Number of protein chains: 2
Amino acid sequence: MSNETTKIPQATAKRLPLYYRFLKNLHSSGKQRVSSAELSEAVKVDSATIRRDFSYFGALGKKGYGYNVNYLLSFFRKTLDQDELTKVALIGVGNLGTAFLNYNFMKNNNTKITCAFDVDPGKVGTLIGDVPVFAMDDLEKHLNEEEISVVILTVPAQVAQLITDRLGNTNVKGILNFTPARLNVAKSIRVHHIDLAVELQSLVYFLKHYPNVDETEE
Amino acid sequence: MSNETTKIPQATAKRLPLYYRFLKNLHSSGKQRVSSAELSEAVKVDSATIRRDFSYFGALGKKGYGYNVNYLLSFFRKTLDQDELTKVALIGVGNLGTAFLNYNFMKNNNTKITCAFDVDPGKVGTLIGDVPVFAMDDLEKHLNEEEISVVILTVPAQVAQLITDRLGNTNVKGILNFTPARLNVAKSIRVHHIDLAVELQSLVYFLKHYPNVDETEE
DNA sequence: TACCGTTAGTTCAAAGTTTCACACACATCG
DNA sequence: CGATGTGTGTGAAACTTTGAACTAACGGTA
């Protein structure tokens with residue numbers, strides 16, 4: 001453990017941003033120390049899991065004391081690269097895309113949507129939530145100029161693969177895909193799917209077939 | 001296997017809506033039969049996993065032939081309760097909430113947003129995407145009258161727990177939570193989290209720390 | 001009708017993840 | 001300054017999920 005090069009389990013990596021956010025809350029409410037049990041209550045993750053997650057990064061806490069909020073926070077800030085800003089592009093300014101542009105969900109974070117793309121000439125050239133909307137034709141040009149490596153995909157499903165193929169000519173390494181389409185990508189590109197209809201349907205399925213079980217993540 | 005009462009693994013259950021959607025696509029494109037390998041290519045799930053997933057429901061396919069699309073489709077329709085409509089309420093008509101109301105992501109499905117709630121008097125009484133917006137004060141009343149058991153939560157984080165507590169007095173059994181808040185709920189209520197900021201951050205983390213690994217779900 | 005190629009269903013081992021439970025270290029208090 | 005309680009870090013066990021490999025059944029073809 002405690003070695004930077006040791007690979008962190010994926011399940012752990014997915015929880016890190018969650019921990020980070022709650023630590024920020026604790027910090028701003030003036031808390032000095034926190035135990036894995038308290039944290040567990042707040043983020044709804046088993047306390048043993050939290051301790052193990054933290055332990056992958058070394059001994060961050062003190063026995064009989066807990067974790068120092070400031071120390072933990074500054075550690076995570078470094079680990080999650082919170083100091084350096086990751087620029088993100090949003091492709092497809094429809095209902096959902098517009099909501100993301102207006103939504104402040106990356107305000108406090110290390111990620112920022114710096115440009116958006118759409119085919120609608122009525123939207124091109126405008127600012128939505130302070131983000132400039134460019135023509136889809138200029139996609140590769142702007143992505144390369146701004147050296148963008150992460151995109152949010154909120155285009156209609158039919159064109160998702162088409163757009164994705166064009167991303168092959170850019171520096172894009174990660175796609176957050178809100179499209180129902182399952183994308184074919186070069187293996188140098190990482191895709192995370194958020195499929196809203198599937199999420200809703202599977203929730204309904206769980207309710208009908210697994211009555212009364214406890215909470216599950218996404 | 002093949003027994004209706006056998007509990008399906010959660011990982012499998014999450015994939016069912018995905019399978020269902022692709023089967024619908026195949027059906028409408030006139031395809032008669034499909035193999036697990038073809039399906040695997042389309043949904044990006046290992047073919048052995050697909051075969052095992054299906055086998056929990058019994059022998060749905062034929063060796064040396066594959067699966068009959070019609071048969072499979074009608075089977076899933078029953079299994080996923082596609083015939084009966086699940087009414088869903090949306091709470092919080094902000095940027096994201098409005099997008100969902102306008103978005104057609106449940107048009108083809110067994111779920112439909114039938115009412116929405118907000119505190120803004122300017123929104124109350126209006127129709128957004130054909131869905132009536134009611135006052136937050138009348139939340140319990142409408143939910144009970146319409147016998148709604150699933151809600152989508154798109155309110156500001158600060159009030160998420162407050163609203164959730166009020167759901168305790170209703171028939172609501174499932175919450176799709178788009179709020180960063182981790183909700184305290186009675187264990188009869190199931191919560192699925194979709195935390196957009198966390199998703200984006202964890203994608204960025206993966207890109208920095210796990211270069212060049214393959215695709216991961218949600 | 002007999003063969004051949006295809007592909008479902010299943011078994012097994014491996015990998016990944018969570019949870020338990022406990023020793024040990026530290027903080028705290030008298 | 002010693003005793004006591006608290007809470008971390010972690011070994012081991014339990015559980016979940018995946019992927020590879022195999023078997024056996026079926027369809028198609030000559």
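Letters go in sequence order (proteins before strands), and every chain restarts at 1. Because the structure is predicted, anything quoted here is derived from the model rather than measured.
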Heavy-atom donor-acceptor pair, A:R52 side-chain to C:dT19 base, under 3.5 Å: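 Present.
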Each nucleotide N or O in nucleotides 23-28 of chain D that has a protein N or O under 3.5 Å away: list the pair and distance.
residue, atom, partner, partner atom, Å
D:dC26, O4', B:K63, O, 3.3

Starting from [atom2] on [N], measure out to [atom1] on [X] and report it in whole angstrom.
X	N	atom1	atom2	value
B:F57	C:dT10	CZ	C1'	17 Å
B:N68	C:dT7	CG	P	15 Å
B:Y56	C:dT10	OH	P	11 Å
A:K14	C:dG16	NZ	P	14 Å
A:Y71	C:dC26	OH	P	15 Å
B:I50	D:dA20	CD1	P	13 Å

Aromatic ring pairing B:F76/B:F57, orientation class (parallel under 30°, perpendicular over 60°, tilted between):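 Rings of B:F76 and B:F57: perpendicular, as their planes differ by over 60°.
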Salt bridge present between B:K78 and B:E84 (N-O < 4.0 angstrom): no
Pair A:E199 + B:K14: basic N to acidic O under 4.0 Å: no
A:R51 vs B:D53, nearer the 5' end of DNA chain D by closest nucleotide: A:R51
Please determine whether a side-chain nitrogen or oxygen atom of [X] lies at a distance below 4.0 Å from atom OP1 or OP2 of [N].
X	N	result
A:T49	C:dT19	yes
A:Y67	D:dT6	no
A:S36	D:dT8	yes

Centroid-centroid distance, A:H192 to B:F206, less than 6.0 Å: yes
Along DNA chain C (nearest heavy atom to each residue), the more 5'-positioned of B:A48 and A:D46: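 Counting from the 5' end, the first nearest nucleotide belongs to B:A48.
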Heavy-atom donor-acceptor pair, B:S40 side chain to B:V45 backbone, under 3.5 Å: yes
side-chain hydrogen bond (donor to acceptor under 3.5 Å, both in side chains) contacts in which one or both residues fall within residues 61-76 of chain B, not counting sequence neighbours: B:H27-B:N70
Residue pairs passing the side-chain hydrogen bond (donor to acceptor under 3.5 Å, both in side chains) test where at least one lies in residues 151-169 of chain A, sequence neighbours excluded: A:E140-A:R166, A:Q161-A:D165
Residue pairs passing the ring-ring contact (aromatic ring centres under 6.0 Å, His included) test where at least one lies in residues 147-169 of chain B, sequence neighbours excluded: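 Qualifying pairs, neighbours excluded: none.
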Using atom names, set out every protein N or O paired with an N or O of nucleotides 14-17 of chain D below 3.5 Å, distance rounded to 0.1 Å.
residue, atom, partner, partner atom, Å
D:dT17, OP1, B:A11, N, 3.3

Set of residues satisfying side-chain contact (heavy atoms from CB on, under 4.5 Å) with respect to A:A48, sequence neighbours excluded: A:D46, A:R51
